[in-house]
Amino acid sequence: MRVTDTGVGIEPDMLPKVFELFTQVDQHLDRSQGGLGIGLALVQKLVEMHGGTTVANSDGVGLGSTFTVRLPLASEPGEARSEADSARDDARRLDVLIVDDNTDSADTTRWMLELIGHRPRVENNGPAALEAVQRLRPDVVLLDIGMPGMDGYEVCRLLREMPGGTDMVIIAQTGWGQESDRRQAFDAGFDHHVTKPVSLDLLSRVLNEAGEPHDI
């Protein structure tokens, strides 16, 4: 299936990036409307989950774009399921608490987690996150660092002091990605550190590790 438009087109150096989360080809201030830059990333992941591929092509700026989706056809209704299908079924569904004061970012992460089969909940500040953890006992906490009032480092330390807090998987999901930021996160008690924007594949891998028996 091909979808072709006559719009703004895509520069050659942007073609490899258009399926990355939060990427927008046209970011001019006078844009009448736009999005978060998650649509193509979700399309690509959905197509991959069905064993297909998605490709973007463009002759350049102002010359439109073409997006090609290729999906395999099952020859028989009862055709053997793929290894990827089996792996998804075997993966453990996790209760994940997302903590981020940026509501757009939090909602995007929630959509991603729902897409890959987990059960996410969202809180937008530290005190609400602490209360939610006591009430919900999530398997994993995806915790932003740069929040007003109570930052992610403080929230993480308080979570570790809760009963059962040492066994909880806490992941820093933040825009602070330098080596010093990673060290500070691990010193505060985080198990993992991922830098925004987080790809769906990376998030899947980290959560798969969190779902292993020895981590829970």
Fill in: Asp100/Ser105 under side chain to side chain donor-acceptor pair (under 3.5 Å): CA gap, chis, key distance, verdict
CA-CA 7 Å; Asp100 196 328; Ser105 177; 3.1 Å; yes
Please check: side-chain N/O of [X] versus main-chain N/O of [Y], any donor-acceptor pairing under 3.5 Å?
X: Asp107; Y: Asp104; value: no
X: Asp191; Y: Ile171; value: no
X: Arg93; Y: Gly117; value: yes
X: Ser58; Y: Ser65; value: no
X: Asp151; Y: Met147; value: no
X: Arg160; Y: Met168; value: yes
X: Asp139; Y: Leu94; value: no

Discussion item. Assess the residue pair Val96 and Arg121 against the criterion (side-chain contact (heavy atoms from CB on, under 4.5 Å)); give the C-alpha distance rounded to whole Å, side-chain angles, the decisive distance to 0.1 Å, and a yes or no.
Written reply: CA-CA 6 Å; Val96 183; Arg121 297 286 297 270; over 6 Å; no
What I'd like to find out is whether the side chain of [X] reaches to under 4.5 Å of the side chain of [Y], using heavy atoms alone.
X: Leu71; Y: Val69; value: yes
X: Val61; Y: Val8; value: no
X: His192; Y: Val169; value: yes
X: Asp144; Y: Lys196; value: yes
X: Leu203; Y: Met112; value: yes
X: Val99; Y: Leu142; value: no
X: Ile116; Y: His118; value: yes
X: Cys156; Y: Leu143; value: yes

Verify the cluster assignment for [X] and [Y]: are they in a single hydrophobic cluster under the rule of side-chain heavy atoms below 4.5 Å apart?
X: Leu158; Y: Val141; value: yes
X: Trp111; Y: Val206; value: yes
X: Val3; Y: Val43; value: no
X: Leu202; Y: Val140; value: yes
X: Phe19; Y: Met14; value: yes

Nearest 0.5 angstrom please: [X] [atom1] to [Y] [atom2], how far?
X: Glu123; Y: Ile98; atom1: CD; atom2: CD1; result: 10.5 Å
X: Phe67; Y: Asp5; atom1: CZ; atom2: CG; result: 6.5 Å
X: Leu115; Y: Leu46; atom1: CG; atom2: CG; result: 5.0 Å
X: Leu130; Y: Glu154; atom1: CG; atom2: CD; result: 8.5 Å
X: Thr174; Y: Arg182; atom1: OG1; atom2: CZ; result: 11.5 Å
X: Gln178; Y: Gln184; atom1: CD; atom2: CD; result: 11.5 Å

Over all heavy atoms of both residues, which pair between [X] and [Y] is shortest? Give the atoms and the distance, please.
X: Ala56; Y: Leu15; answer: O-CD2, 3.8 Å
X: Pro148; Y: Asp101; answer: CD-OD2, 3.5 Å
X: Ala129; Y: Leu97; answer: O-CD2, 3.8 Å
X: Asp95; Y: Pro138; answer: O-CB, 3.5 Å

Discussion item. Surrounding CZ of Arg137 (heavy atoms of other residues, nucleotides or ligands, distance under 6.0 Å), is the total greater than 12?
Written reply: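 Yes, CZ of Arg137 has more than 12 neighbouring heavy atoms, counting only those of other groups under 6.0 Å.
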Discussion item. Tell me if the CZ atom of Arg2 is crowded by more than 12 foreign heavy atoms within 6.0 Å.
Written reply: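 At most 12 heavy atoms, drawn from other residues, nucleotides or ligands, come within 6.0 Å of this atom.
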Item to complete: Walk me through it: do Glu209 and Arg205 pass the test salt bridge (charged side-chain N to carboxylate O under 4.0 Å, His left out)?
Response: CA-CA 6 Å; Glu209 291 179 15; Arg205 290 199 303 271; over 6 Å; no
Practice prompt. Please test Ile145 against Gln173 for side-chain contact (heavy atoms from CB on, under 4.5 Å), starting from the C-alpha separation and ending with a verdict.
Written response: CA-CA 7 Å; Ile145 298 294; Gln173 181 177 258; over 6 Å; no
Discussion item. Going by the rule salt bridge (charged side-chain N to carboxylate O under 4.0 Å, His left out), which residues pair with Asp59 if we only count those two or more places apart in sequence or in a different chain?
Written reply: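 Partners of Asp59 by the salt bridge (charged side-chain N to carboxylate O under 4.0 Å, His left out) criterion come out as none, since no residue qualifies.
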Fill in: Salt-bridge present (Glu114, Arg110; N to O < 4.0 Å)
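Yes, charged N to carboxylate O under 4.0 Å.
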Worksheet entry | Check ion pair Arg157-Glu161 (N to O, under 4.0 angstrom) |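 Answer for the salt bridge query: no.
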Item to complete: Measure up the Tyr153 and Trp176 rings against each other and bin them: parallel (under 30°), tilted (30 to 60°), perpendicular (over 60°).
Response: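 Aromatic pair Tyr153/Trp176 classed tilted.
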Discussion item. Go through it in stages, so that I can follow the logic: the residues are Val18 and Ile10, the test is side-chain contact (heavy atoms from CB on, under 4.5 Å), and I'd like the CA-CA distance, side-chain angles, deciding distance and then a yes or no.
Written reply: CA-CA 9 Å; Val18 294; Ile10 305 173; 4.0 Å; yes
Fill in: CA sep, side-chain torsions, deciding dist, call: Val55, Asn57, side-chain contact (heavy atoms from CB on, under 4.5 Å)
CA-CA 7 Å; Val55 178; Asn57 291 286; 3.6 Å; yes
